[in-house]
Structures are given as C-alpha cells and as structure tokens.
There are 2 protein chains.
Amino acid sequence: MNAIPDQRNGRDFIQSIERGFAVLLAFDADLPTPTLAELAKRTGLSRPAVRRILLTLQKLGYVSSRGPRWSLTPRVLTIGQHYAATHGIVEVARPHLMRVAERTGESSSLAQLDGTDVVYVARVHVRRVLSLNVDVGTRLPVHATSMGRVLAAYAEATTVDRILDAGLPRFTEWTVTDPIEFRDRLHDVRRAGYAIVDSELEDGFLSAAVPVRDATGDVVAALAYSTARGRHSIEDLERTVVPVLLEVAADIGRDLAALPERSRRLRVDARDGFF
Amino acid sequence: MNAIPDQRNGRDFIQSIERGFAVLLAFDADLPTPTLAELAKRTGLSRPAVRRILLTLQKLGYVSSRGPRWSLTPRVLTIGQHYAATHGIVEVARPHLMRVAERTGESSSLAQLDGTDVVYVARVHVRRVLSLNVDVGTRLPVHATSMGRVLAAYAEATTVDRILDAGLPRFTEWTVTDPIEFRDRLHDVRRAGYAIVDSELEDGFLSAAVPVRDATGDVVAALAYSTARGRHSIEDLERTVVPVLLEVAADIGRDLAALPERSRRLRVDARDGFF
DNA sequence: TGCAAAGGGTACGCACAGCGTACACGGAGG
DNA sequence: CCTCCGTGTACGCTGTGCGTACCCTTTGCA
C-alpha cells in the first residue's frame with residue numbers, strides 16, 4: 001500500500017518552480033501588463049528574484065516585455081493543449097458537444113473536478129450566456145452549478161467534505177449555501193441521474209448536467225447544457241434536454257471505451273546500448 | 001555522452017523553472033500517463049530530480065498520480081485563462097466571432113503570432129473542419145495558413161526573417177515552400193488587405209483571414225473564417241465572406257479602442273490557489 | 001523457484017544555483 | 001533640489017537542489 005506522499009519534508013519541494021508559477025499567474029485582470037516592481041509587490045518576492053524569473057520565462061517564451069511593462073504571450077495557451085492531448089475524453093467529446101448544440105441550439109460543455117472547483121475542459125458555445133464568460137479552463141464553484149452537483153454527487157466522500165470545508169459562498173438569493181441542503185441535493189442527483197440548477201450562480205442562468213461514465217462505470221466528467229431562464233423552463237429541460245444529454249453522455253462513454261487503449265507503444269530508447 | 005550542452009549559462013536564468021516546464025510539457029499524446037522513470041528518460045533528467053519536480057507540481061495542483069502513473073489535472077487549463085484575462089482583445093472578439101459564425105454558418109477564429117507559429121487565441125467552432133482539431137491554444141505554421149500570412153504580412157522584417165529561417169515545411173502539394181514565393185504572397189496580402197489560403201495545410205481546408213488593428217493602426221491579430229473547399233469556392237470567399245470579415249475586424253478594432261483600460265467587471269470570482 | 005527488469009523511495013554530502021542586500025542609474029514630477 | 005518611480009548589477013553567502021548510490025517491491029519469464 002502506497003503511503004500518501006505527504007511528509008512536508010521541504011526537501012521534495014522546489015521553491016523556484018513555485019515562484020515561477022507565482023509570477024506567471026500574477027498576470028491578472030487587475031494587473032494585465034505589470035512592471036517588474038509591481039510583480040515583486042504582488043508576489044512578495046524581491047525585485048532581483050522577480051527579474052530572474054521574468055528573464056527565465058521570457059527565454060522560455062511565456063512572457064515578453066515592451067518598455068518597462070511585461071505581458072503574457074499566447075504561448076501560455078499552448079500549455080493547456082497538453083491536457084487535451086493526454087485526456088482522450090476532450091477530443092472524443094467535442095463532436096458530441098456539437099451535436100447537442102445543433103440539436104438544441106444552445107451551448108453545451110464538458111467539465112471535470114479539480115480540487116474544489118469545476119473546470120470546463122471542452123465547450124461549444126452558441127451564444128453568450130448572460131454575463132458569464134465561460135470558456136475552456138474557466139473555474140466555477142461546485143455548489144452553484146449543475147456540473148458541480150453531478151461531479152460531487154458521484155465523487156468520493158472526502159472530496160465532498162473538502163468542498164464543504166471550502167465553504168458555500170452565496171451568489172444569488174437562490175444559491176444553496178447550507179451543507180445539509182447541499183448533501184440533499186447530491187442525493188437528489190444520484191436518484192434522478194441528472195442535475196438542474198436554476199439561477200444559483202447568476203440570476204437567469206439555467207443549466208442541466210448529467211454524468212459521463214467510462215468503461216468501468218466511473219464518472220469521469222459532467223456533460224451540461226446551459227441556457228437562460230427566459231428561453232427555457234425547468235420543465236423544458238427535464239422533458240426535452242435531459243434525455244438528449246443522457247443519450248449523448250452514453251455515446252461519449254461508448255467512444256471513450258473504444259479508445260485505442262493508448263495503443264502507441266513506447267519505443268525503447270537505444271540511448272544506453274550501442275546502435 | 002552528455003547530449004544537451006547547457007546553452008543557458010546566463011546568471012539570470014533559473015534552471016529549476018525550465019525543468020519544471022520540461023516535465024509538465026513532457027505529458028503529451030505519446031506519453032499521456034507516464035511513470036516517473038518514463039518522464040526521466042523523456043526529459044533527460046535524473047529520477048530524483050523528476051520526482052522532486054513531480055511532487056512540487058502535485059502540491060501546486062498541476063499533476064496527480066494514480067498508482068505509478070502520473071497525469072495532468074484540469075488545472076493546467078486554468079493557466080491559459082490568465083492570457084484571456086490580460087488581453088482584452090480575446091473577450092472583445094468573442095461576440096464578434098459568434099456573429100461571423102451565425103452569419104456564415106462556419107467557424108471563425110482569432111489568432112496571434114508567437115515566435116514562428118500562429119496561435120489561436122479565440123475561436124467559435126461550428127463544426128469540425130476536416131481532420132484538423134483546432135482549438136484555443138493550437139499552434140499552426142505561419143506559412144501555410146491564411147492567418148499566418150496576414151500576421152506575417154504586417155509583422156516586422158526580422159519576424160519574417162525568423163519565420164523563413166525556421167523553414168517552410170510542405171504539408172500538401174500546394175504548400176508554398178519557396179521563400180521568394182512566400183514573400184510575394186505577403187506582398188499580395190498587403191495589397192489586397194486579406195489572405196485566402198487553399199489546401200496548403202491540409203487538402204480541402206480553405207480559409208480567409210484579415211488583419212485586426214488596434215487604435216494606433218497596428219495589426220494585433222488576425223480574424224479568420226475557415227471552411228471546406230467542397231462547401232465554398234475561393235470566389236465565394238472573396239465575394240461574400242471577406243467583406244464580412246473586414247467589417248467585423250473593424251468592429252473589433254473599434255471595441256478595442258473603446259476598451260477603457262479595464263471596464264470588464266463580469267467575472268465570477270472563482271478562487272484558485274490554496275495558499 | 002529464482003532471477004532480471006521495471007517500478008519506486010531515500011539517504012547524504014557537495015557544489016553552485018539562486019538568494020537578497022546594497023548600490024547605481026535615468027526620468028518624471030513636485 | 002529632492003523624491004519617487006522605474007530599472008540593472010555587483011557580490012558574497014546560504015542552503016537549495018543536485019546526482020550518486022543503495023534499497024525495496026512487483027511482475028514476468030525462464
């Protein structure tokens with residue numbers, strides 16, 4: 001039995017890597033094109049340290065400087081590509097998401113759990129949903145979204161505990177913020193096999209989600225459909241949308257099972273022997 | 001036989017950051033869920049070094065382990081969000097891209113130059129374009145794409161030189177691989193104000209692109225429309241699509257100029273980072 | 001049954017990578 | 001004139017991060 005890799009030895013943690021990401025992620029809507037000094041203040045690092053890190057990131061192609069101001073390059077977008085490339089479900093799901101969008105005329109998305117957040121891993125957007133600017137990589141709270149409810153409903157108990165520990169902030173007057181009620185909702189999801197959440201994240205934002213299962217039956221993602229309350233009612237969703245989602249989720253699961261099992265066998269490197 | 005001579009001898013370069021990214025990016029289609037030893041071999045680092053890096057990345061939330069195999073977490077997708085958050089054009093362009101998609105029924109995209117590649121920074125996909133799996137973050141070669149031609153046409157001379165130095169690989173029998181001819185094409189683009197590229201990257205892949213200019217007139221991105229040759233002819237594009245693109249590109253430029261430093265307050269504040 | 005191969009962890013001591021302090025410079029604004 | 005903002009860099013020291021070496025477990029095959 002593998003022990004949990006814990007033991008904050010400090011010896012198995014590379015400070016420079018943490019600092020590198022700290023600087024990279026310090027570029028923010030609040031600080032789109034910061035100066036070196038601003039980054040130092042923001043990250044709490046010394047100016048020479050930030051400078052070394054910036055020059056490193058620049059050499060690696062992730063940031064560039066124009067005058068005294070620094071900015072991210074499009075290369076940071078490339079990092080995410082490695083996720084899609086290593087998680088077959090993203091590519092498998094895309095055509096199915098388009099099918100949902102075509103059949104329903106609204107946006108559909110695929111999301112997974114990361115820590116205590118929901119992260120969109122694939123999305124087909126038909127039109128902008130209210131003020132929410134949702135795209136691949138967007139993090140949303142678990143408790144106020146249909147995808148989050150689905151993912152939490154089938155997650156391990158410790159995961160749900162962690163989510164509750166993180167707190168259930170209120171976004172609208174309908175947000176479920178009570179842990180007991182939240183667990184009740186998860187129970188509802190498990191019984192019904194889908195989740196519908198209405199205006200708990202933003203007023204008028206209405207969405208439905210169902211689990212996507214892999215070959216072993218494990219829930220590996222949530223498939224969702226989102227719209228505005230003015231365009232559809234909850235009853236609409238239950239009657240017409242949820243069946244489509246369930247069908248498509250099953251299709252995705254089937255395609256997922258049919259994946260070539262990562263067939264590409266690794267070539268043995270002749271690096272040690274003669275050739 | 002130590003293969004890689006360390007060319008980064010500058011005192012202002014942090015080796016650990018480079019190594020961190022090396023390990024993170026070693027996860028790809030050929031190695032979706034590698035073992036520690038596989039990563040060590042792939043990156044050329046020692047096993048203890050890779051282990052330290054993996055444990056660090058795990059603590060930061062970018063990788064996770066199941067048994068002896070490691071994989072990326074959805075959190076790597078979050079990194080790209082910082083690009084959109086710091087580059088107003090991405091958010092500004094999205095509704096316009098949707099307009100193009102709605103008016104034309106095909107996919108439209110926004111891309112920028114990164115080194116010698118074109119990187120998609122925003123995209124609205126209506127349907128899958130041939131075998132190309134294009135999404136935000138995808139890198140494509142400059143010389144064989146309409147967006148690349150547009151961006152190169154208005155780029156600095158040194159940038160074009162760098163692109164030519166990198167070589168013009170052939171993808172189809174129609175790919176422009178001759179530097180002289182490539183420069184001619186750039187000249188054509190500057191004269192016409194748009195680029196149309198037919199089947200130079202993949203047979204049957206047809207696209208048109210126009211420049212997007214900011215308030216000062218600088219070309220900051222390329223706006224493109226892509227389709228299959230079976231569905232549209234080049235004449236179709238010139239007659240009906242290019243005018244739409246030019247109009248929309250102007251709209252984007254106008255919105256961009258009207259972007260008052262920072263006015264967008266429409267982000268759900270999803271907390272990330274644990275400490 | 002045993003051995004090799006492939007997976008993994010950990011101890012340990014040394015080198016130098018990376019650290020921050022301190023100082024210098026240039027420009028803008030008072 | 002000074003101050004505040006921005007930058008770069010010299011430099012000595014700390015201790016981070018390095019790799020070697022060794023050990024364990026599991027698996028597969030002879």
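In the text below, chain A, chain B and the rest are named by the order of the sequence lines, each starting its count at 1.
Comparing Gln15(A) and Pro34(B) by the nucleotide of DNA chain C whose heavy atom lies nearest to each, the residue mapping closer to the 5' end is Pro34(B). Of the two residues contacting DNA chain D, namely Ile17(A) and Glu38(A), the nearest-nucleotide position lying further toward the 5' end is that of Glu38(A).
Rounded to an integer number of Å, the gap from Ile53(B) CD1 to dT16(D) P is 17 Å. Note: CD (Gln58(B)) to P (dG8(C)) measures 13 Å, nearest angstrom. Rounded to whole Å, atom C1' of dT9(D) lies 12 Å from atom CG of Leu55(A). As rounded to whole Å, 15 Å separates atom P of dG8(C) from atom CZ of Arg66(B). Counting to the nearest Å, the C1' atom of dC19(C) and the CZ atom of Phe13(B) are 17 Å from each other. At whole-Å resolution of the value, CG in Asp12(A) and P in dG8(C) are 15 Å apart. Between the CG atom of Leu36(B) and the P atom of dG8(C) there is a distance of 5 Å, rounded to whole Å.
In the helix from dT1(C)-dA30(D) to dG30(C)-dC1(D), the end axes, each obtained as the rotation axis mapping the C1' atoms of four pairs onto the next four within a five-pair block, lie 20° apart to the nearest 10 degrees.
Pairs engaging residues 43-77 of chain B under the ring-ring contact (aromatic ring centres under 6.0 Å, His included) rule: Phe21(A)-Tyr62(B) [sequence neighbours left out]. Counting only residues at least two apart or in different chains, side-chain hydrogen bond (donor to acceptor under 3.5 Å, both in side chains) contacts with residues 147-159 of chain B comprise Arg149(B)-Glu200(B). Within the structure, salt bridge (Lys or Arg N to Asp or Glu O under 4.0 Å) contacts touching residues 60-71 of chain A (residues at least two apart or in different chains) are Glu38(A)-Arg69(A).
Remark: Arg51(A) is not in phosphate contact with dT7(D), judged by side-chain N or O atoms under 4.0 Å from OP1 or OP2. Residue Ser16(A) places at least one side-chain N or O under 4.0 Å from the OP1 or OP2 atom of dG17(D).
By the side chain to side chain contact (heavy atoms under 4.5 Å, CB included) test, Thr56(B) pairs with Phe13(A), Ile14(A), Ile17(A), Leu60(B), sequence neighbours left out. Residues passing the side chain to side chain donor-acceptor pair (under 3.5 Å) test with Thr78(A), sequence neighbours excluded: Arg139(B). With sequence neighbours excluded, the residues forming a side chain to side chain donor-acceptor pair (under 3.5 Å) with Asp251(A) are Arg99(A), Arg254(A), listed by chain and number. Applying the side chain to side chain donor-acceptor pair (under 3.5 Å) rule to Arg183(B) yields the partners Asp161(B); only residues at least two apart in sequence or on another chain are considered. Taking the ring pair (Phe, Tyr, Trp, His ring centres under 6.0 Å) definition, one finds that Phe27(A) meets it with nothing, sequence neighbours left out.
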Identify all side-chain donor-acceptor contacts of residues 209-224 of chain A below 3.5 Å with residues at least two apart in sequence or on another chain.
| unit_1 | atom_1 | unit_2 | atom_2 | d |
| --- | --- | --- | --- | --- |
| Arg213(A) | NH1 | Gly217(A) | O | 3.0 |
| Asp214(A) | OD1 | Thr216(A) | N | 2.9 |
| Asp214(A) | OD1 | Thr216(A) | OG1 | 2.8 |
| Asp214(A) | OD1 | Gly217(A) | N | 3.1 |
| Asp214(A) | OD1 | Asp218(A) | N | 3.1 |
| Thr216(A) | OG1 | Asp218(A) | OD2 | 3.2 |

Between N or O atoms, less than 3.5 Å apart, protein on one side and nucleotides 19-25 of chain D on the other: list the pairs.
| unit_1 | atom_1 | unit_2 | atom_2 | d |
| --- | --- | --- | --- | --- |
| dG19(D) | OP1 | Arg19(B) | NH2 | 3.4 |
| dG19(D) | OP2 | Ser46(B) | OG | 2.7 |
| dG19(D) | N7 | Arg52(B) | NH2 | 3.4 |

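Side-chain contact annotation: Gln58(B) with Ser64(B), donor-acceptor N/O pair under 3.5 Å absent.
With respect to Arg52(A) and Asp12(B), no salt bridge is recorded, no charged nitrogen being found less than 4.0 Å from a carboxylate O.
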Checklist outcome for this item: Going 5' to 3' through nucleotides 25-30 of chain C and flagging B where a protein heavy-atom sits under 4.0 Å of the base, S where only the sugar-phosphate is that close, and - otherwise, we get ------
